Amino acid sequence: MKLYFAPMTCSLSSHIVLCELGLPFELIRVNNQSKRTADGRDFREINPKGYVAALELDNGEVLTEGPAILQFIVDQVPGNTLAPPPGTWERARLQEHLNFISTEIHGASSPLFNSEIAPSTRAIFKDKLFKRLDFLSQTLVTQDYLMGTFGVADAYLFTVLKWLPVFNIDIEHWPLLAEYMRRIAERPAVQSAIAAEEATQPV
Ligand SMILES: N[C@@H](CCC(=O)N[C@@H](CS)C(=O)NCC(=O)O)C(=O)O
């Protein structure tokens with residue numbers, strides 16, 4: 001398997017899960033501006049949408065969209081603790097979390113990377129994001145992780161919440177979320193994924 005990634009973007013969540021499960025994979029860096037890959041290709045030939053993450057299987061099939069990739073990866077190791085089995089009520093609950101993170105946190109954060117949006121528009125996006133963070137913080141009152149124990153939804157949420165400082169949002173306003181981030185940052189697989197991304201050369 002090959003994981004196409006750009007450092008500290010949403011592809012980190014898939015990278016973390018590959019490391020957590022100890023699966024073999026090749027990490028290929030993508031320049032998100034030029035769309036060139038570290039092995040010299042035009043990334044749009046691999047993912048016509050032009051964005052990471054993309055997972056390429058040994059048979060040449062390519063899967064995109066974070067929540068789909070996360071679930072495909074986790075299902076390669078039956079019985080692991082990172083996701084409930086497909087077809088169960090708990091799996092539907094996991095998909096509820098993944099969809100929430102994808103649309104309400106990841107999707108809602110994306111415009112904040114744009115330095116050209118007007119301050120008033122930025123304030124509207126931030127206000128909506130704060131409501132979602134309030135909800136997540138409430139979820140963590142009774143449990144350490146979204147599904148009770150660490151899993152793929154936490155790898156994804158950790159990844160997108162790492163962007164908050166870029167938007168000048170202080171996570172310490174949500175102490176439970178700040179603790180959650182510290183807990184996940186201590187995991188060896190998370191540290192090794194981040195270190196591996198930092199060790200790659202710019203494309
Ligand atoms: N819907 C996609 C969104 C992926 C996405 O937002 N990727 C960003 C990095 S976090 C990216 O590569 N952006 C570059 C671009 O859109 O050109 C998913 O969930 O995987």
Side-chain angles (χ1 to χ4, degrees), residues 1-20 25-57 61-76 82-83 91-92 94-117 121-122 125-126 128-129 132-133 136 146 151-169 171 181 184-185 190 193-194 196-198 200-203:
M1 276 189 292
K2 291 177 182 164
L3 178 68
Y4 293 88
F5 85 102
M8 302 317 290
T9 67
C10 51
S11 49
L12 176 64
S13 55
S14 298
H15 189 182
I16 288 172
V17 173
L18 285 165
C19 291
E20 288 279 351
F25 65 97
E26 192 183 337
L27 196 57
I28 301 186
R29 185 162 168 168
V30 177
N31 181 320
N32 252 346
Q33 274 70 50
S34 68
K35 306 297 175 197
R36 300 305 296 177
T37 66
D39 53 1
R41 285 177 293 163
D42 182 339
F43 180 54
R44 287 160 296 200
E45 288 171 9
I46 297 146
N47 178 11
K49 297 171 194 164
Y51 52 63
V52 294
L55 187 74
E56 186 176 357
L57 305 189
E61 289 280 357
V62 174
L63 188 64
T64 63
E65 302 303 322
I69 296 173
L70 288 167
Q71 292 183 79
F72 176 80
I73 294 171
V74 83
D75 289 340
Q76 300 313 297
L82 301 184
R91 183 57 163 258
L94 169 65
Q95 288 164 338
E96 181 183 25
H97 286 303
L98 291 174
N99 211 54
F100 178 82
I101 299 163
S102 176
T103 57
E104 303 300 323
I105 310 290
H106 180 176
S109 298
S110 297
L112 296 174
F113 282 109
N114 186 335
S115 55
E116 292 185 7
I117 62 170
T121 311
R122 183 173 293 275
F125 280 121
K126 277 193 174 184
K128 187 172 173 196
L129 191 55
R132 306 304 182 239
L133 298 179
L136 285 169
L146 293 175
V152 298
D154 302 297
Y156 191 13
L157 183 56
F158 171 81
T159 297
V160 294
L161 292 184
K162 271 184 85 60
W163 300 336
L164 293 183
V166 180
F167 313 140
N168 292 317
I169 298 173
I171 198 164
M181 291 297 279
I184 296 175
V190 172
I194 292 172
E197 294 196 359
E198 285 173 352
T200 57
Q201 294 297 317
V203 181

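Numbers for residues simply follow the sequence, beginning at 1. Since we're looking at a predicted model, the values are computed, not measured. Remember, it's 1-based here, ligands and their atoms both numbered in the order they're listed.
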| NE2 of H15 to CD1 of I69: how many Å apart, nearest 0.5 Å? | 13.0 Å
| query | From L70 CG over to Q95 CD, what is the distance, rounded to the nearest 0.5 angstrom? | reply |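 Going from CG on L70 over to CD on Q95, the span is 11.5 Å.
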| Polar side chain donor-acceptor pair, Y156 to H97, under 3.5 angstrom | no
Among all protein heavy atoms, pick out the one at the shortest distance from [atom]; state its residue, atom name and that distance to 0.1 Å.
| atom | answer |
| --- | --- |
| atom 16 (O) of ligand 1 | Y51 CB, 3.7 Å |
| atom 10 (S) of ligand 1 | C10 SG, 2.7 Å |
| atom 8 (C) of ligand 1 | V52 O, 3.9 Å |

| request: Classify the contact between K35 and ligand 1 as side chain, backbone, both or neither, using a heavy-atom distance cut-off of under 4.0 Å. | output: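 Just the side chain.
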| query | Taking heavy atoms and a distance under 4.0 Å, where does H106 meet ligand 1: side chain, backbone, both or neither? | reply |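 Side chain only.
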| message | Checking the side chain of N47 only, and the main-chain atoms of V52 only, is there a donor and an acceptor separated by less than 3.5 Å? | response |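 It does not hold such a pair.
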| Between the side chain of E104 and the main-chain N/O of F100, is any donor-acceptor distance below 3.5 Å? |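 Checked: no pair found.
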| query | Can you list the ligand 1 atoms lying under 4.0 Å from a non-hydrogen atom of G66? | reply |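 Checking each atom against G66, I get 18 (C), 19 (O), 20 (O).
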| request: Pull out every atom of ligand 1 sitting under 4.0 Å from any heavy atom of N32, numbered as shown with elements. | output: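 Under 4.0 Å from N32, ligand 1 has these atoms: 11 (C), 12 (O), 13 (N), 14 (C).
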| task | May I ask you to check whether P67 has an N/O atom sitting below 3.5 Å from an N/O atom of ligand 1? | result | no
| message | So, regarding E65 and ligand 1 (criterion: nitrogen or oxygen to nitrogen or oxygen, under 3.5 Å), is there a contact or not? | response | yes
| message | Taking the basic N atoms (NZ, or NE/NH1/NH2) and the acidic carboxylate oxygens, is any pair closer than 4.0 Å for R29 and E197? | response | no
| message | Go through it in stages, so that I can follow the logic: the residues are R91 and D75, the test is salt bridge (Lys or Arg N to Asp or Glu O under 4.0 Å), and I'd like the CA-CA distance, side-chain angles, deciding distance and then a yes or no. | response | CA-CA 11 Å; R91 183 57 163 258; D75 289 340; 2.8 Å; yes
